[in-house]
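Heads up, the thing below is written out as structure tokens.
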Amino acid sequence: MQIAERTVVSFHYTLTNDAGDVLDSSDGREPLAYLHGAGNIVPGLEREMSGHVAGDKFMVDVAAADGYGDYIEELVQTVPRESFQGVDDLAVGMQFQAQTGQGPIAVIITEIDEDEVTVDGNHPLAGETLHFAVEIIEVREASAEEVTHGHVHGAGGHHH
Ligand code: ZN
């Protein structure tokens, strides 16, 4: 079966950046399962998956704009430390939901001074060109319920 709309794809992957550093990998884990055509994975990767079948191994290069987005300086903000009153053990790397004009976004603390805290609303991989080494493990038809929900159920997917 070829990868197309309404198929569920299980695949192994290793993600590296331009420098060759491994950013993420399914090595030693269950393959990742996603519903094709539902935006479950980054657009640049999803597009290149179309038409492949189980057993295929290939490389996909994804520009930042087609991956986790370009790095946007305006999403880096400095806020007074008082804004975090009530948060114990404020630390670099902590994640929060921030309310913005475009709705809530996830921000991560990147710096803490005596009076100010720097938060970054960019995805940790924003601005990176992504290089995926992909191995397709299984392609199956999605159930009607999976299509309605927009995600995979069972192995590698949602359990609910
Ligand atoms: Zn569901």
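Values below: all heavy atoms of this structure, side chains included; hydrogens, waters and symmetry mates excluded. Along the sequence shown, the residues carry numbers beginning at 1. Note that ligands are numbered from 1 as they come in the structure, with each ligand's atoms numbered from 1 the same way.
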Problem - the Zn ion (ligand 1): protein N, O or S atoms [distance under 2.8 Å] - result: H149 ND1, H151 NE2, H153 NE2, H160 NE2
Practice task
Give the ring-plane orientation class for F11 versus Y13, where under 30° counts as parallel, over 60° as perpendicular and anything between as tilted.
Solution key: tilted
Sequence neighbours excluded and cut-off under 3.5 Å, please list the side-chain donor-acceptor pairs for residues 105-131, or say none.
| from | atom 1 | to | atom 2 | distance (Å) |
| --- | --- | --- | --- | --- |
| T110 | OG1 | T118 | O | 3.4 |
| D120 | OD1 | N122 | N | 2.8 |
| D120 | OD1 | N122 | ND2 | 2.9 |
| D120 | OD2 | Y71 | OH | 2.7 |
| N122 | OD1 | I72 | N | 2.9 |
| N122 | ND2 | I72 | O | 3.0 |
| H123 | ND1 | L125 | N | 2.9 |
| H131 | ND1 | D61 | OD1 | 2.6 |
| H131 | NE2 | D18 | OD1 | 2.7 |

Fill in the blank from the handout: Cluster membership besides V152, Ile/Leu/Val/Met/Phe/Trp/Tyr side chains within less than 4.5 angstrom, sorted by chain and number, is V8, L35
Please output the side-chain donor-acceptor pairs of residues 84-93 that fall under 3.5 Å, not counting sequence neighbours, one pair per line with the distance.
none

Problem - Between H36 and H52, ring centroids under 6.0 Å - result: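 Between H52 and H36, which both carry aromatic rings, the centre distance is not below 6.0 Å.
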Practice task
Flag the pair E135 / F58 as yes when at least one side-chain heavy-atom distance between them is below 4.5 Å, and no otherwise.
Solution key: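 No, too far: nothing below the 4.5 Å cut-off.
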